[in-house]
Amino acid sequence: MPIRQMKESSEQHLVIKSHLQNTMNTVQRPPKTAQNGKGPPQAHEPHNNTKQPHNQATSPPSKNRGRRRGRGGKKSDQLDVCMRPSSRPCTVAHKPVNQASCGMEMGFPTSSKSLNFAPRPGYGQVGTKCIVKANHFFAQLPDKDLNQYDVTITPEVASRTVNRAIIAELVRLYKESDLGTRLPAYDGRKSLYTAGELPFAWKEFVVKLVDEEDGINGPKREREYKVVIKFVARANMHHLGQFLAGKRADAPQEALQILDIVLRELSSKRYCPIGRSFFSPDIRAPQRLGDGLELWCGFYQSIRPTQMGLSLNIDMASAAFIEPLPVIEFVAQLLGKDVLSRPLSDSDRVKIKKALRGVKVEVTHRGNVRRKYRVSGLTSQPTRELVFPVDDNSTMKSVVEYFQEMYSFTIQHTHLPCLQVGNQKKANYLPMEACKIVEGQRYTKRLNERQITALLKVTCQRPRDRENDILQMVQHNAYDQDPYAKEFGIKISEKLASVEARILPAPWLKYHETGKEKDCLPQVGQWNMMNKKMINGMTVSRWACINFSRSVQESVARGFCNELAQMCQVSGMEFNPEPVIPIYTARPEQVEKALKHVYHASMKTKGKELELLLAILPDNNGSLYGDLKRICETDLGLISQCCLTKHVFKISKQYLANVALKINVKMGGRNTVLLDAISCRIPLVSDIPTIIFGADVTHPENGEDSSPSIAAVVASQDWPEVTKYAGLVCAQAHRQELIQDLYKTWHDPVRGTVSGGMIRDLLISFRKATGQKPLRIIFYRDGVSEGQFYQVLLYELDAIRKACASLEPNYQPLVTFIVVQKRHHTRLFAHNHRDRSSTDKSGNILPGTVVDSKICHPSEFDFYLCSHAGIQGTSRPAHYHVLWDENNFTADGIQSLTNNLCYTYARCTRSVSVVPPAYYAHLAAFRARFYLEPEMQDNNSSTGAGSGQAKGGGTKAAGESGVRPLPALKENVKRVMFYC
């Protein structure tokens with residue numbers, strides 16, 4: 001279904017005023033003048049716009065990491081209260097602390113053109129060296145000139161498929177003559193590319209295209225198009241070669257784009273292209289998913305610049321497609337019932353309309369004429385009641401009569417509604433039984449649980465099987481026989497790239513001294529809680545339980561609660577075995593009434609508030625879970641732990657142990673900490689107070705074209721342990737990737753201009769929790785695609801700077817900004833699948849495997865890290881890209897820190913695949929979707945949410961963007977890891 005494109009808000013467009021020309025950092029890592037001395041990139045320059053000389057005190061040139069920074073300026077009243085430094089056992093006094101002057105006063109680059117990402121500081125050396133294989137295939141750089149031509153087709157065509165057909169016909173007619181035997185590649189829109197010049201700089205062609213949909217033997221419509229081809233530019237292949245060799249920092253996007261289009265050209269003709277992937281029912285037989293959907297297999301393909309040169313990244317892909325069924329059969333599958341004899345209910349009509357709107361169908365009642373239409377709606381009346389005017393005199397005729405007289409087609413199932421095709425002003429009626437769904441239409445809405453289960457059965461491949469499928473796909477595509485690759489002189493290897501890797505050691509974990517095992521060294525990314533006690537077990541004295549499940553008897557619920565209380569005690573918590581009131585049974589539809597009853601009933605006993613609420617939920621509970629979390633966290637201020645019925649009946653020790661871990665961190669405790677953290681041995685974390693942020697933005701599902709996006713930011717609240725994270729959430733404009741509420745100001749009638757935002761609030765809470773102000777910031781940002789790197793860095797690093805400066809004029813801690821990516825297609829495989837010592841139980845590479853060479857960026861600071869042990873399927877390594885680094889991390893420093901943090905995830909005793917602060921931000925953003933008001937969720941309304949967690953209000957910024965604020969988290973909730 002087509003999705004309405006949102007207009008970019010004015011907030012997305014940054015004011016670009018270049019103040020300084022950054023020197024280009026390339027192969028070797030020079031002193032960081034561009035980053036440390038000039039400050040971060042700034043999106044807006046509020047104070048002065050004059051170019052500052054290099055020798056001014058506000059932007060001193062950087063010589064080394066230990067340089068002094070200006071510390072003048074009067075402290076604000078706010079900082080006297082919350083940001084005054086204090087002593088801490090781990091503070092190292094012999095190293096000078098760096099504090100730069102206020103970022104808003106500094107002349108750092110505001111344009112992406114004057115901004116270079118952090119260069120690679122060298123390669124990591126820590127860990128056991130090994131060889132892995134990657135699904136990257138070496139692509140030999142062409143030695144031919146690549147030329148770009150502009151294409152104008154008149155009349156204008158919206159469909160890429162039709163555009164391609166027009167150009168294919170033009171090439172067929174004129175290749176040997178006017179095109180000088182050149183075989184061009186075409187992007188389906190406005191650009192045409194050739195290897196070598198065409199014999200002209202400008203030429204007009206006339207192309208006639210036959211409409212094949214108008215029948216096989218009958219008359220066919222012929223359309224005439226005027227095509228103008230005009231020379232635009234020549235791609236700089238020398239520039240590309242320099243970039244791949246690491247001698248230039250700026251990627252030649254035009255040349256890379258041309259090569260990508262050339263290698264996609266043949267596949268675009270053979271298969272169904274969707275994004276960067278190609279699908280076909282011929283690659284592997286489609287598998288039914290149910291409800292009229294089927295799974296198509298395909299492959300992903302992308303040309304990438306790497307240290308080994310150009311690389312073609314190939315991976316297996318799969319997607320849900322609508323089955324090309326007769327519409328009546330599709331409807332029967334969708335509803336799960338016989339529709340030929342029974343009338344449809346109103347809810348049935350709504351479901352059919354939602355499923356078929358935007359879907360292409362072809363008519364089957366006209367013999368060989370298979371005209372295609374896009375469904376726009378469904379009639380509210382059955383076919384037998386539908387009439388329409390057939391002439392200007394408003395002579396009415398029924399749909400049944402029309403099809404009988406016009407096509408000799410008798411409509412059998414007149415009780416069914418008709419499909420509406422065309423636009424609203426002039427909608428045509430098509431009987432369901434006269435239509436078939438056109439093949440090759442991707443299903444973009446959310447799959448249900450049954451469909452997801454069926455999909456995973458097909459797509460969950462062991463590493464060896466996936467590797468073999470990728471190799472077979474490469475051989476099947478036969479790039480050496482590809483006429484376009486030949487034309488452009490591109491040669492693709494058929495062998496997976498062999499890459500040097502290292503396996504980083506697992507960190508030692510510290511547990512409580514009273515346990516039999518006081519510390520632990522995880523094995524293959526796993527450990528357990530046997531003989532261990534939480535390092536900071538919390539006390540739960542006042543708790544209650546609500547049972548929303550009909551099938552769970554009170555005695556069963558009581559037994560489960562007893563077992564859970566015992567597990568919490570064994571794990572190191574103090575947990576009262578008795579609830580403050582008897583277990584309360586309630587119906588799911590009365591969730592709010594039940595929660596408030598238990599809340600107030602508990603208050604009456606000794607007048608103290610509940611510390612924890614346990615809730616037993618049905619396995620299929622609809623909106624109950626979300627409603628419960630919304631009411632508890634934004635209305636009552638209750639910490640809650642939900643348990644499904646199936647786990648209550650089947651009480652497993654492992655399940656109870658994991659729930660105990662979650663309860664402890666929700667209550668404000670710690671389960672374990674890194675031994676190196678409490679021993680103050682983590683480089684660039686333990687030396688000075690360091691805060692680690694995680695940030696993510698989640699967007700609405702496809703098809704929801706007005707719901708807000710939800711941003712979440714979490715930050716560590718303990719130092720030197722860096723284990724506990726507080727989180728804040730806000731809503732922002734639909735599909736807005738930049739986090740709007742990192743820093744904001746608004747006017748207060750009494751106080752004047754007031755500063756706020758999520759970064760500022762979390763810095764203040766860090767100070768309150770630790771007694772220290774952070775002097776170093778490590779910021780892990782999830783969910784950013786490569787095309788958004790510059791924009792996100794410019795905007796969000798500027799917001800971090802402004803938030804710091806608002807607390808104290810000269811307060812500017814050093815920042816390292818790292819993007820975390822999971823949605824990529826690089827996979828790493830063991831060099832020898834038979835060698836059990838090089839794989840985990842699932843056949844995947846070992847946890848801790850890191851790659852920073854060959855398949856990584858030619859000059860920038862990135863690496864792939866597989867920090868987790870596989871369970872099933874093929875592990876996906878996380879890709880970390882250090883965009884900005886004022887802390888001068890070494891490759892080993894940031895890789896080891898990131899890997900070690902993956903062992904501190906609070907919800908299980910396994911290392912996780914993404915660094916925990918980024919993981920927690922994702923969980924918090926996902927949780928906040930439940931805070932949208934229920935009617936807004938149903939209507940997908942843009943007034944469903946906004947910012948509201950930053951203290952002091954957030955409503956102004958939210959209101960300006962037309963997005964309603966989220967209900968505020970209660971203070972006791974936002975201080976703990978409520979999202980776990």
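Small disclaimer: the values here were computed from a predicted structure and weren't measured.
- Taken to the nearest 0.5 Å, the CD1 atom of Ile894 stands 10.0 Å off from the OH atom of Tyr880.
- In plain terms, the two heavy atoms of Ala925 and Thr698 that are nearest each other are CB-CG2, 3.6 Å.
- At most 12 non-hydrogen atoms from other residues, nucleotides or ligands lie less than 6.0 angstrom from NE2 of His831.
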Next item on the list: Carefully, step by step, assess Val714 and Tyr979 under the rule side chain to side chain contact (heavy atoms under 4.5 Å, CB included).
Entry: CA-CA 10 Å; Val714 305; Tyr979 41 80; 4.1 Å; yes
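- In this model, no donor atom of one side chain and acceptor atom of the other lie less than 3.5 Å apart for His857 and Asp862.
- Between the side chains of Thr909 and Gln526, not a single donor N or O lies within less than 3.5 Å of an accepting N or O.
- Going from atom CD of Glu500 over to atom NZ of Lys129 covers 6.5 Å, rounded to the nearest 0.5 Å.
- Annotation: side chain of Met758 is in contact with side chain of Cys730 (closest heavy-atom distance under 4.5 Å).
- Atoms CG and CD1, from Leu763 and Ile691 in turn, are 5.0 Å apart once rounded to the nearest 0.5 Å.
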Checklist line | Leu923 and Tyr919: CA distance, side-chain angles, deciding distance, side chain to side chain contact (heavy atoms under 4.5 Å, CB included) verdict | finding: CA-CA 6 Å; Leu923 292 177; Tyr919 204 145; 4.1 Å; yes
Check: Does the pair Phe117 and Phe861 meet the rule for a ring pair (Phe, Tyr, Trp, His ring centres under 6.0 Å), with working shown?
Finding: CA-CA 8 Å; Phe117 294 145; Phe861 191 2; over 10 Å; no
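- Heavy-atom minimum distance, Pro774 versus Tyr811: O-OH, 2.5 Å.
- Not less than 6.0 angstrom separates the ring centroid of Phe693 from the ring centroid of Tyr780.
- Contact between Thr723 and Asp718 at its shortest, heavy atoms only, is N-OD1, 2.9 Å.
- Contact of the Val126 side chain with the Pro505 side chain is registered, since non-hydrogen atoms from C-beta on lie closer than 4.5 Å.
- Residues Cys804 and Pro813 approach most closely at SG-CD, 3.6 Å, considering heavy atoms.
- Just one of Leu504, Val524, Ile503 meets the side-chain contact (heavy atoms from CB on, under 4.5 Å) condition when paired with Pro847; it is Val524.
- Using a 3.5 Å distance cut-off with no hydrogens or angles, the side chains of Thr816 and Asn887 do pair a donor with an acceptor.
- Nearest approach of Cys866 to Ser875, heavy atoms of both residues: SG-CB, 4.0 Å.
- Looking at Tyr905 and Ser911, their side chains never bring a donor and an acceptor atom within 3.5 Å of each other.
- Tested against Phe817 for a ring pair (Phe, Tyr, Trp, His ring centres under 6.0 Å), the candidates Phe779, Phe889, Tyr790 yield a single pass: Phe779.
- Between the side chain of Ser859 and the backbone N or O of Ala249, no donor-acceptor pair lies under 3.5 Å.
- Annotation: the span from Gln307 atom CD to Asp852 atom CG amounts to 7.5 Å, rounded to 0.5 Å.
- Taking the six-membered ring for Trp, His879 and Phe863 have ring centres at least 6.0 Å apart.
- Looking only at side-chain heavy atoms (C-beta outward), Ile639 and Met667 come within less than 4.5 Å of each other.
- Atom CD of Gln788 has more than 12 heavy atoms from other residues, nucleotides or ligands within 6.0 Å.
- Between Val815 and Arg801, the shortest heavy-atom contact is CG2-NH1, 3.5 Å.
- A side-chain donor from one of Ser842 and Asp840 sits under 3.5 Å from a side-chain acceptor of the other.
- Trp527 and Tyr511 are linked by a side-chain donor-acceptor pair at a separation below 3.5 angstrom, with hydrogens and angles left out of the test.
- Looking at Gln895 and Thr898, their side chains never bring a donor and an acceptor atom within 3.5 Å of each other.
- Distance check, rounded to the nearest 0.5 Å: CG of Leu742 to OH of Tyr795 gives 7.5 Å.
- Side chain to side chain, Tyr743 and Ser806 fail the donor-acceptor criterion of an N or O pair below 3.5 Å.
- Residues Trp719 and Glu721 bring no donor and acceptor atom of their side chains to less than 3.5 Å of each other.
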